[in-house]
Structures are given as C-alpha cells and as structure tokens.
Amino acid sequence: MHFSAIVAGGLLTLEAAAVMFGNPPIGELEMQIEQLEARRSNVKRDVDLEELYPAYNLSTPIDFFPYEPRYEPHSNGTFNLRYWFDAQYYKAGGPVFVLLSGETDGTGRLPFLQKGIVNQVAKATNGIGVILEHRYYGTSHPFSNVSTENLRFLSTEQALAEINYFAKNVEFEGIDADLTAPNTPWIVYGGSYAGAQAAFLRVAYPETFWGTISSSGVTVAIYDYWEYFEPIRIFGPPDCINGQQTLIDVVDSILMNNNTDKVQPLKEAFGLGQITDNRDFANVLTGIYGWQSTNWDPEINSPSFFYYCGNLTGSPAPELESKRPAVKDLVAAAGYEEDTAVENIILGAIGYYTETSVAAWNESGITQDSYFTQLNDTFWQQTSLAAAESWRSWSYQVCTEWGYIQTGNTPPDVKPLISRTLTLEYLTHFCKAGFNIATEPDVWQVNKYGNYSIEYDRLAIIGGNADPWKPATPLAFGSQIRNSTTERPWLEIAHGVHHWEENGIFPNETTPELPPNQVVYAQQFLKNFVIDWLKEFKTSDHYEL
C-alpha cells in the first residue's frame, strides 16, 4: 500500500511499495505530484523494462454491477485496463500466472516479470507470466480525473469483477491459442492489498481461477489499525524500539500532560518551531515506518529504518551538543531528570530529522505549516491523475472500505511507537476534506469475503512473521493455526517482512547469503504446490509437467 515516501537529505524517492502506509506531510505529497506530472510526460521512463515488456490494453467495463444503487449513476462505458506479459517459457497447455499490481502503477511490478516470482513460476510450469494493473492506477483510469463522483466505481467488488473479466476475455498477442479461463488454468498471485484480492478471487470466482496465492494478504479490513506497529515492536532491534518508545514518551508527556510551556521549546529543539498544530509536529516523528521497506534484496531494500535506528542508539553527533541543555530541560519535564541516555536518544532523533524532514522543508520554499500539515483542505480536493497515483485513489479506498488508519492508540500497558496525539480524527481528516466522507469505512464490504478465516482449496496463504501487516492477515495468530497441505498451503517466513518471496535476483547474482535460505525455501515451496495444482487440472488437452 506507497503512501510513505522516503525523504533523505531533501531528496524525495518514489517507491512502488505495497499497502500504503504512514501519513506524509502535504509538502512531500506536493513534491510527489510534481514528479509524477513530470514522469507522465516522459515516455522514456523505465525504458529498458518497458521496451522488454510492451504494455497492452483490454477494453473493460467500468461498471460490473448495473443494478447496485451504490454505483448510481451507472455507466455502460469502458476503459483501457493495462497489462504486460512474457511468453518466453510458454508451451502449449501451459498455465497463465498473473501477478496483480495492486494500488500502484503497474510498471513498478515489471521486475517481478523479469526475475521475481512470476518469472520463476512461468519457467517452472511452461506458462505465461502476466502483470495486471488495477483500475484507477497507472494508466488504467476510467475517467480523465478522480473527482469523488468519478471514484464511485473504485470498490473491492468492482476490482475483483474486472480481474474475472480479464481472465475470461484477454487475448495474448502472438499466441494462437485460447488461453482464457476456465479453459486454461489461471493462477493468481498478489502481495499485500493485491494479496487480499488474490484470496478473495478464489472465494468469489472459484470457477474462473484454478488457484490463487495470497502473500501478506490483508484479508481483514480494520479501521483503527494500531496493530500495524506490533510486529515492529516485537521484532525490531530492542535498543531501537526502546529508543523510539522513549522518544514518543517524552514527546507525549509534553504535548499531552499539561507541559504547555515546554511545547514550543520541544518543537524548536527539532528545528520545527514554526509548526502550529501539535499533531502535525508529532506526525513528523515517525521514522520507525521504514521497517516495512526493509527487504533481503539490497536493490529493493530501503536503509532508512536502520539509518534511523543508528541515530537513536548511537552517540549524538558533536554538532548536536549545543542542543543538550535544551534537551536536558525537556526530558526532565517529561520525568527523565538527569538521564543522559534519554538525552542522547532525543539528540539522535533531532539529528535524523534535521537531515531528512527539516532538510526537505528547507528546499521547499514554503512555510513549515504549509509543508508539514495534514489539515489543508484545498490540497485534499485535487483530482488530477497525478494526485490519484500519489495518494487519492488509495485514500478513497481507505475512507470507503479498508480503513487501516495507523494510530498511536495502543493499549495503556503498551508504549506506542508513534504519538498518541495521532488519532483517528486527525488521521482521517483527508476523508472529510477530500471526499466529504465523515463516517467510518464499510469494512464489511471487504470482510464478507472471509476475514481471518478465509480458506479454500488451492488458496495459499504466505507471509512474514515480522510483517507490520501480519495482524490484518490470516497469519495474525501465528504459524501453527493451520496445517499446511498441498491443497491449502500455509507458510510463515521466519524473519520475513512484507511479501518477501515476491522479488528475486538473477542467477549470476546469487551468493551464499542471497537470497536468504528462508526466501529460497518459500519460493521453491510456492513453485512446488503450483506444479501439484496444475497436475490436478483436467482437460482434454492437458499437458504433463
């Protein structure tokens, strides 16, 4: 779910992540939109992969539910649904293996066609590998803008129906064979939000899809998703987690416990003294979010989490010592009088945010309130396609059906990793401002497909035990809840984070450490049960693997 861009040294990096996370300040999102607008006019972006895998489009209905009142006024129009495929391993009778691109531009998933799980499975099964874009993302837009009215067809059931339509109608250029479902075995893979889609497809359209693989699949929609931080708290480096909890305890003690005279000095110590709203200030102090972007592959891994932890746990840089008297006063007010270790944590955090958030703001040329706020209604009302890709399409899904508001609302006996001032009210401001939605999302529209207990023959559940999205997946309660079988595979990847078995490296890049053993095992495990599933597929022209 790419809601959290990484800002380091003033450079904004756009990533194709899964399940958007965090709440970037509006200044960062403005920069994203500018970059996306520029990228849209640059047809040479990602040239190598996009030339290797040219894009195709399938004319697809906008509205699959013409009698449902929630979609009024209805539409009988169509739009171009974008996809890519690789048939280099295909042999007659082979399967179609589809990776759902989820809530992002599908071009970001092309590496998986080249060297990730799609490539591996297609090679192992003599199949076609496919990347399928999601409606309202990338270039697969039904309308020229994403006004609230135009977004009404962006729902879970519409998105699932379009995948079903694609499987039954697509023709692959250059292949003289009918590869539509259910005549050909279709296996669908998805990670995170797309992992939930994969699971739901097997339940909603079992006659179309022979098997599906839900990797880190968030099959449970949760409104107040404070549990996002629990795997980070449990599996993150203990000294770093303790440092973050201590930082937030100091901040909340000042912001929430009648230390009003210390609020401005606290903001000034971080170089953020011009931020008016305390919640906007607290929302900056969320470097812990980098955990989700860690990966075993150095090319994909974001170092931001461990860079952040290094600042929290190491000795403060000498140039920060001038701030120690002010920090000593602040930590004393928070109940840590004469505690050098706590002072060092705060100084380390100041050093990190000075080099990242403050540096990015310095380059923006606007006020801190304008840059760091979440409360600019005019911004949230943008309806351009660049706004859609940056935040608006997924935000609409969040506000209408999915939730996943990552608050600091942990139980009283659990010290939070982000400020308790980051509440549902504050973090859902964009719902009211951007879409005029003031009610909770209809999570039942998601959870009706199976919730935690979703299960079906030839539906695989895979995920990492250290994934911050694990509490929203069937793996939430541990790896021993179900026994794994060929018909219903079940695997928890040790020390794995977010759908770690999805990406891959070229054979000449492997080392004794890369990929790590648990990823090698997970990918082989996946290939093995797919091969076994295909052996069960019975048609007159069935081939032998």
Q: Would you call Met31 and Tyr371 a side-chain contact if the rule is heavy atoms closer than 4.5 Å?
A: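 They are in side-chain contact.
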Q: Please check: side-chain N/O of Asp377 versus main-chain N/O of Ala433, any donor-acceptor pairing under 3.5 Å?
A: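 No; judged by distance alone, with no hydrogens or angles, the pair does not exist.
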Q: As a quick check of understanding, evaluate side-chain contact (heavy atoms from CB on, under 4.5 Å) for Asn409 and Leu424, giving each step before the final call.
A: CA-CA 9 Å; Asn409 189 31; Leu424 284 171; over 6 Å; no
Q: Do the side chains of Thr400 and Ser155 get nearer than 4.5 Å, heavy atoms only?
A: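 Not in contact.
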Q: For the residue pair Tyr83 and Glu171, what are the closest heavy atoms and their distance?
A: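 Closest approach of Tyr83 to Glu171: OH-O, 3.4 Å.
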Q: Stepwise, does the side-chain contact (heavy atoms from CB on, under 4.5 Å) test hold for Phe172 with Tyr90?
A: CA-CA 12 Å; Phe172 296 105; Tyr90 177 71; over 6 Å; no
Q: Could you check whether Phe200 and Tyr456 have their ring centres less than 6.0 Å apart?
A: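 No, ring centres 6.0 Å or more apart.
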Q: Taking all heavy atoms of Leu375 and all of Arg279, pick out the closest pair and write down the distance.
A: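 Of all heavy-atom pairs spanning Leu375 and Arg279, the closest is CD1-NH2, 3.8 Å.
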Q: Say you draw a straight line from CD1 of Ile418 to CD of Gln406; how long is it, rounded to the nearest 0.5 Å?
A: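 Output value for this atom pair is 7.5 Å.
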Q: Are Thr156 and Glu401 close enough, and set up right, to give a side-chain hydrogen bond (donor to acceptor under 3.5 Å, both in side chains), and what steps lead you there?
A: CA-CA 8 Å; Thr156 301; Glu401 293 185 348; 2.5 Å; yes
Q: What's the verdict on side-chain hydrogen bond (donor to acceptor under 3.5 Å, both in side chains) for Asp178 and Thr180, showing C-alpha distance, side-chain angles and the deciding distance?
A: CA-CA 6 Å; Asp178 178 5; Thr180 57; 2.6 Å; yes
Q: Side chains of Leu427 and Gln374: does their closest heavy-atom pair fall under 4.5 Å?
A: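 With C-beta onward as the side chain, the pair stays apart.
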Q: For His499 and Asp467, which I'm curious about, is there any donor-acceptor pair between the side chains at under 3.5 Å?
A: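 The answer is no; no qualifying pair exists.
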Q: Could you tell me how the ring of Tyr404 sits relative to the ring of Trp469: parallel (under 30°), tilted (30 to 60°) or perpendicular (over 60°)?
A: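 Geometry flag for Trp469 against Tyr404: perpendicular rings.
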Q: Tell me if a side-chain donor or acceptor on Asn376 pairs with a main-chain N or O of Ile26 at a distance below 3.5 Å.
A: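 Here the side-chain-to-backbone pair does not exist.
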Q: Does a side-chain heavy-atom distance below 4.5 Å link Ile128 with Ile175?
A: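 A side-chain contact under 4.5 Å exists here.
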Q: Using modelled atom types and a 3.5 Å cut-off, is there a donor and acceptor pairing between side-chain atoms of Ser140 and backbone atoms of Gly138?
A: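 Between the backbone of Gly138 and the side chain of Ser140 there is no qualifying donor-acceptor contact (under 3.5 Å).
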Q: Has the side chain of Trp361 got a donor or acceptor atom that lies under 3.5 Å from a matching backbone atom of Ile366?
A: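 At least one qualifying donor-acceptor pair exists.
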Q: Could you pull out the closest heavy-atom pair between Ser302 and Thr294, with the gap in Å?
A: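 Here Ser302 and Thr294 meet closest at O-CG2, 4.2 Å.
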Q: Within the supplied structure, the quantity of interest is the number of heavy atoms (other residues, nucleotides, ligands) at a distance under 6.0 Å from Glu425 CD; does it exceed 12?
A: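 Open: at most 12 neighbouring heavy atoms sit under 6.0 Å from CD of Glu425.
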Q: For the backbone of Phe153 and the side chain of Gln158, can you confirm whether one donor and one acceptor N or O come within less than 3.5 Å of each other?
A: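 Pair absent, no side-chain N/O of Gln158 close to backbone of Phe153.
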Q: In plain terms, say whether Asp105 and Arg82 are close enough for a salt bridge, that is, a side-chain N and a carboxylate O under 4.0 Å apart.
A: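 Yes, Asp105 and Arg82 are salt-bridged.
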Q: Would the distance check show the side chain of Asn503 and the main-chain N or O of Gly116 forming a donor-acceptor pair, the cut-off being under 3.5 Å?
A: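 Answer holds: no.
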Q: Got Ser395 and Arg392 here, is their nearest side-chain heavy-atom distance under 4.5 Å?
A: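 Result no, sub-4.5 Å side-chain heavy-atom pair not found.
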Q: Counting only heavy atoms from other residues, nucleotides and ligands, does the tally under 6.0 Å from CD of Glu207 exceed 12?
A: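 Open: at most 12 neighbouring heavy atoms sit under 6.0 Å from CD of Glu207.
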Q: With ring pair (Phe, Tyr, Trp, His ring centres under 6.0 Å) as the test, would you mind laying out the steps for Tyr289 and Tyr228 before giving the verdict?
A: CA-CA 10 Å; Tyr289 269 115; Tyr228 175 92; 5.5 Å; yes
Q: Measuring only between side-chain heavy atoms, which start at C-beta, is Thr148 closer than 4.5 Å to Asn150?
A: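 When only atoms from C-beta onward are counted, Asn150 and Thr148 do not touch, as no gap falls below 4.5 Å.
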Q: Contact between Trp186 and Thr208 at the side-chain level, heavy atoms closer than 4.5 Å - yes or no?
A: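 Of all side-chain heavy-atom pairs linking Thr208 with Trp186, none is under 4.5 Å.
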Q: Quick check, are the ring centers of Phe79 and Phe143 under 6.0 angstrom apart?
A: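 For Phe79 and Phe143, the ring centres are not under 6.0 Å apart.
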Q: Determine yes or no for a side-chain-to-main-chain donor-acceptor pair under 3.5 angstrom, with Ser390 supplying the side chain and Ala387 the backbone.
A: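 Answer holds: no.
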Q: Say you draw a straight line from CG of Leu526 to CD1 of Ile462; how long is it, rounded to the nearest 0.5 Å?
A: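 It comes to 4.5 Å.
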Q: Going through the checks in order, is the side-chain contact (heavy atoms from CB on, under 4.5 Å) test met by Trp291 and Phe229?
A: CA-CA 10 Å; Trp291 178 263; Phe229 300 100; over 6 Å; no
Q: Would the distance check show the side chain of Asp369 and the main-chain N or O of Thr276 forming a donor-acceptor pair, the cut-off being under 3.5 Å?
A: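 At least one qualifying donor-acceptor pair exists.
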Q: List the steps, then state whether ring pair (Phe, Tyr, Trp, His ring centres under 6.0 Å) holds for Phe379 with Phe430.
A: CA-CA 9 Å; Phe379 172 84; Phe430 64 88; over 10 Å; no
Q: For the residue pair Phe281 and Phe270, does the interplanar ring angle fall in the parallel (under 30°), tilted (30 to 60°) or perpendicular (over 60°) class?
A: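 Geometry flag for Phe270 against Phe281: perpendicular rings.
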Q: When you compare the side chains of Asp63 and Ser75, does any donor N or O come within less than 3.5 Å of an acceptor on the partner?
A: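 Not at all, the side chains of Asp63 and Ser75 share no donor-acceptor pair under 3.5 Å.
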Q: Quick one: which residue pairs count as a salt bridge (charged side-chain N to carboxylate O under 4.0 Å, His left out) with a foot in residues 291-307, not counting sequence neighbours?
A: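 Sorted result for residues 291-307: Lys115-Glu299.
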Q: State whether a side-chain donor-acceptor pair under 3.5 Å links Ser215 with Tyr189.
A: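 There is such a pair (donor and acceptor under 3.5 Å, judged by atom type) between the side chains of Ser215 and Tyr189.
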Q: Check whether the side chains of Thr107 and Glu50 place a donor and an acceptor atom closer than 3.5 Å, and report yes or no.
A: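 Glu50 and Thr107 do not have a side-chain donor-acceptor pair below 3.5 Å.
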Q: Is a donor on one side and an acceptor on the other found under 3.5 Å between the side chain of Ser357 and the backbone of Tyr353?
A: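 Pair absent, no side-chain N/O of Ser357 close to backbone of Tyr353.
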Q: Distance check, rounded to the nearest 0.5 Å: Asn278 atom CG versus Leu255 atom CG?
A: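 That separation rounds to 5.0 Å.
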Q: Using every non-hydrogen atom in the two residues, find where Tyr193 and Ala159 come nearest and quote the distance to one decimal.
A: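 It is OH-CB, 4.4 Å.
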Q: Looking only at heavy atoms, which two atoms of Arg135 and Leu81 are closest? And how far apart?
A: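 Where Arg135 meets Leu81 most closely, the heavy atoms are N-CD1, 4.3 Å.
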Q: Would Arg70 and Glu157 satisfy side-chain contact (heavy atoms from CB on, under 4.5 Å), going step by step from the backbone distance to the final call?
A: CA-CA 12 Å; Arg70 66 183 294 206; Glu157 63 184 5; 3.3 Å; yes
Q: For the side chain of Gln368 and the backbone of Gly271, is there at least one donor-acceptor N/O pair under 3.5 Å apart?
A: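 Yes, because the side chain of Gln368 sits within donor-acceptor range (under 3.5 Å) of the backbone of Gly271.
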Q: Report yes if some heavy atom in the side chain of Leu132 is under 4.5 Å from a heavy atom in the side chain of Leu99; otherwise report no.
A: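 They are not in side-chain contact.
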Q: Of the non-hydrogen atoms in Pro73 and Arg152, which two are nearest, and what is the gap between them?
A: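 So the two residues come closest at O-NH2, 2.6 Å.
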